[in-house]
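Reading through the structure tokens given below for one structure.
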Protein chains: 2
Amino acid sequence: MRTKDKILQEALHQFNTIGTDQVSIRSIADAVGISAGNLAYHFKNTDAIIHQLYLNLVEALDSEVQQIQESLVDMQYLLEATQRTYRALYEYRFLMIDFVAICRRIPAIKTHFSELMGMRQQQFLLIFKYLQSEGWLRHDLDEQAYAAFAEIIIIFSNAWLADAVIRQQPENAEQQVAHYRQLFIQLFIPYLTQEGLQQFQQLITD
Amino acid sequence: MRTKDKILQEALHQFNTIGTDQVSIRSIADAVGISAGNLAYHFKNTDAIIHQLYLNLVEALDSEVQQIQESLVDMQYLLEATQRTYRALYEYRFLMIDFVAICRRIPAIKTHFSELMGMRQQQFLLIFKYLQSEGWLRHDLDEQAYAAFAEIIIIFSNAWLADAVIRQQPENAEQQVAHYRQLFIQLFIPYLTQEGLQQFQQLITD
DNA sequence: TAGTAATTAGTACATTTGTTCTAAAATCAC
DNA sequence: GTGATTTTAGAACAAATGTACTAATTACTA
């Protein structure tokens, strides 16, 4: 494995474990078994490492996002995409957990993420429209309600990782992801029609 | 104003503005106009200040919590209590925004908050039961669904302040609080019965 | 193989931070 | 007013961190 990748791997591990503010180029260099000077050759500072890891996450998420844009998704795809997205978020969980501090340190991340969330919100609105046209989402709620719902979904999706640290006992990754994916599903339940509910429950039991 | 209060006031301001990790006893002392040695006399370190501010927030929230425990609340009280609670959270927003980092630094806060959230979850379940008995909340969703809903409410309530920093343009406090209180209300909408919806809309338009 | 570029280790320096200590000054109790 | 207590300023110290620089080593290329 290239030194650069070793650094990224160890940095990701330390960020996830002890938090961004406790990690220094020396702590990473020591763990990898290289000198701090060498690390500085690859990454000028920890901010550069964080930025690279952020780009890695975005790349992982982008593949999902593009598929959604290209074709209108059914509910099954939505659930599967959420599973994959949440796993990726978990892998890079320090980014969501320390996000405000990171945005303060690296404004480029804030700008990019802000735009990304704007796009996702629009995507969810399209998905809602499609699910409504199929008769799976309720028609008795107005557009404003669904706009708010999209916002709520985004807030939840950005927040569950921090919640896991604060409120949950430490469990393994799969359990954590499964728990919050279940809550994500629960967000949709009260918006579903009878027909949508049946479709949903069939998918979940699979 | 006592020096101790001046310190707390300035510390709160700096924490909210630039984040916990950028604040030192010296930055606070300089702003207050006292020596670092004097500040250390009142608070051993920044963690001690954070802990005190956390206790202040908890005290502000406790008055709400106790009222809920003593008497079963109606929907109007729920909305008003949310308004007051969200304002208090906004005042001490750095606590929610940097919560994971703070919990790592001060384990006592994590323990206390974890218990507090457990209590709040139980309270919401009681409130749901009451609202159901009044015919305002839907009966066609099972207990598990409402347990998940309570969890979602808590996650949202802890997350909106970070979301405001990340996604929103900087606005004034009242606008921010109003926006997220609106989203809080939207969380309830799809769970309401026809009757509950009418009650709700009447309250909101007031 | 010779030479060039990439990689690595090690060192040094300025800055910041928490922490501790001392002594002066202010306040309070009697 | 006097003595004790509280409050304050200031200095000093160790530890950690980002940063920059040098020289040695390795890898690559022609």
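Each chain gets a letter, A, B and so on, in the order the sequences are listed, and its residues count up from 1. Small disclaimer: the values here were computed from a predicted structure and weren't measured.
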Exercise. Name the orientation class of the two ring planes belonging to B/Y86 and B/F184 (parallel below 30°, tilted from 30 to 60°, perpendicular beyond 60°).
Key: perpendicular
Practice problem: Please list residues of residues 16-35 of chain A whose heavy atoms come under 4.0 Å from any atom in DNA chain C, ordered by number; otherwise none. | Solution: A/R26, A/I34, A/S35
Practice problem: Please state how far atom CZ in B/R2 lies from atom P in D/dT7, giving the value in whole angstrom units. | Solution: 9 Å
Practice problem: Would you indicate, yes or no, if D/dT7 has its OP1 or OP2 atom less than 4.0 angstrom from a side-chain nitrogen or oxygen of B/T3? | Solution: no
Could I get a table of every N or O pair under 3.5 Å where one atom is in the protein and the other is in nucleotides 20-28 of chain D?
unit_1, atom_1, unit_2, atom_2, d
D/dA20, OP2, A/K44, NZ, 2.8

Self-check item: NZ or CZ of B/R93 within 45° of B/Y90 ring axis and under 6.0 Å
Solution: yes
Quiz prompt | A/Y146/A/F124 aromatic ring centres below 6.0 Å | solution = no
Quiz item: Mind checking whether B/F149 and B/F128 have parallel, tilted or perpendicular rings, split at 30° and 60°?
Solution: parallel
Exercise. Ignoring backbone atoms, establish whether B/Y41 has a side-chain N or O less than 4.0 Å from OP1 or OP2 of D/dT7.
Key: yes
Quiz item: If only atom types and distance count, is the side chain of B/R138 paired as donor or acceptor with the main-chain N or O of B/Q132 below 3.5 Å?
Solution: no
Exercise. Answer with yes or no after comparing the ring centroid distance for B/Y92 and B/F15 against a 6.0 Å cut-off, counting only values under it.
Key: no
Exercise. Check whether NZ of the Lys or CZ of the Arg A/K4 lies under 6.0 Å from the centre of the six-membered ring of A/F43 and within 45 degrees of that ring's axis.
Key: yes
Practice problem: Under 4.0 Å from any heavy atom of chain B: name the first and the last nucleotide of DNA chain C that qualifies, 5' to 3'. | Solution: C/dT17 to C/dT20
Practice problem: Give a yes or no answer on whether the side chain of A/N45 reaches the backbone of A/A48 with a donor-acceptor pair at less than 3.5 Å. | Solution: yes
Quiz item: Are OP1 or OP2 of D/dT6 and a side-chain N or O of B/H42 less than 4.0 angstrom apart?
Solution: no
Quiz item: Would you call the rings of B/W136 and B/Y130 parallel, tilted or perpendicular, where under 30° means parallel and over 60° means perpendicular?
Solution: perpendicular
Quiz item: Without hydrogens or angle criteria, can the side chains of B/S157 and B/R120 be said to hold a donor-acceptor pair below 3.5 Å?
Solution: no
Exercise. Measure the distance from CG on B/N38 to C1' on D/dT7 and round it to the nearest whole Å.
Key: 6 Å
Quiz item: Side chain of A/D163, backbone of B/I155: donor and acceptor closer than 3.5 Å?
Solution: no
